[in-house]
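Notes for the one structure printed next.
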Amino acid sequence: MIIMSSVEARLQALEAVLRVNEENAEEKDVERRLTQLEQKLKSTTPSSLHVTWDESDRLLKDLHPGSNLTYQQPSKNYPILFRRKEVLAASDSLKADMDQLSTILNLILIAQKQTDSILREEQVTQAPILTSVSISEEHERRLDKVAIQISDVNRQVQDVAHRIDSLVECYHSVMTSISEKMVAVDEALKGSC
């Protein structure tokens with residue numbers, strides 16, 4: 001009886017599963033047998049699996065931390081690996097957000113002279129799209145009425161809050177008095193028995 005090496009046993013198991021020609025398996029070298037197994041595997045698997053496998057390999061290379069993996073203490077800060085994966089996973093929404101920011105920047109820069117490449121705070125806060133708001137007199141009156149109504153409602157809410165506070169204080173004092181009287185009555189009844 002010949003004792004097989006671990007590699008030989010594994011090769012024979014794979015050849016049996018894939019039904020590769022097993023004649024004279026011991027006479028062939030390991031490299032040739034592996035090549036036959038690889039060819040058989042490629043010919044029997046669908047192309048979509050190869051595409052998926054290639055994409056998985058690409059993602060594995062993209063997400064591999066390499067030298068960026070730090071051994072941080074467990075805390076609120078995630079290791080760089082997880083931050084990188086999170087950014088890559090959200091890349092579509094991140095691109096959409098950057099496009100929206102670009103649109104906002106373009107709107108702010110409309111009708112402004114570009115003297116330098118740095119965007120200053122005054123350019124943003126004094127942008128024509130923000131400062132050239134025109135409100136009709138009717139809308140202004142309506143806004144004034146709404147502001148008055150909101151201040152009235154706020155005053156009424158504060159009045160109600162003060163009333164509730166005073167009621168809770170009264171309730172507390174009444175319950176304290178009742179509790180004291182109940183204790184006094186209970187002691188009087190125990191003393192008379």
Side-chain angles (χ1 to χ4, degrees), residues 1-135 139 143 146 150 157:
M1 180 175 182
I2 300 174
I3 299 176
M4 283 191 239
S5 69
S6 175
V7 173
E8 286 287 330
R10 290 178 185 171
L11 276 174
Q12 281 187 353
L14 283 172
E15 289 170 341
V17 169
L18 293 174
R19 296 186 182 116
V20 175
N21 189 3
E22 301 170 15
E23 301 169 357
N24 303 325
E26 289 79 22
E27 295 175 9
K28 295 181 183 176
D29 62 343
V30 174
E31 289 293 326
R32 201 180 282 166
R33 290 171 67 191
L34 284 173
T35 305
Q36 282 183 336
L37 281 173
E38 188 176 5
Q39 290 171 351
K40 177 72 173 181
L41 186 62
K42 283 184 179 178
S43 67
T44 58
T45 55
S47 63
S48 63
L49 179 66
H50 291 295
V51 170
T52 305
W53 189 262
D54 291 340
E55 184 180 355
S56 297
D57 280 343
R58 184 185 56 78
L59 285 173
L60 180 64
K61 287 176 188 171
D62 286 347
L63 299 177
H64 190 271
S67 62
N68 293 330
L69 183 61
T70 58
Y71 299 97
Q72 300 174 353
Q73 295 288 335
S75 66
K76 293 178 187 173
N77 299 329
Y78 294 110
I80 292 172
L81 167 67
F82 297 122
R83 290 184 200 147
R84 185 175 178 196
K85 284 184 178 181
E86 186 176 7
V87 168
L88 286 173
S91 65
D92 294 336
S93 64
L94 187 61
K95 183 182 181 321
D97 294 342
M98 292 306 234
D99 289 341
Q100 285 181 345
L101 283 174
S102 175
T103 304
I104 291 170
L105 179 64
N106 290 336
L107 288 173
I108 288 174
L109 295 177
I110 290 176
Q112 287 189 0
K113 295 178 184 175
Q114 281 296 98
T115 55
D116 52 359
S117 61
I118 299 172
L119 185 65
R120 295 184 318 253
E121 182 180 350
E122 304 89 45
Q123 288 176 308
V124 175
T125 57
Q126 300 302 318
I129 195 168
L130 299 176
T131 58
S132 65
V133 178
S134 61
I135 299 175
H139 286 105
L143 283 173
V146 169
I150 288 175
V157 166

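- Within the 4.5 Å cutoff, the side chain of Gln100 has heavy atoms near those of the Asp97 side chain.
- Within the model, atoms CG of Leu37 and CZ of Arg33 stand 8.0 Å from one another, a figure rounded to the nearest 0.5 Å.
- Distance OG1/Thr44 to CG/Leu49: 9.5 Å, rounded to 0.5 Å.
- Panel note: side chain Thr52, backbone Ser48; a donor-acceptor pair is recorded below 3.5 Å.
- Within the model, atoms CD of Gln36 and CD of Glu15 stand 7.0 Å from one another, a figure rounded to the nearest 0.5 Å.
- At a threshold of 4.0 Å, the pair Arg58-Asp54 does not count as salt-bridged, since none of the basic side-chain nitrogens sits closer than that to a carboxylate oxygen.
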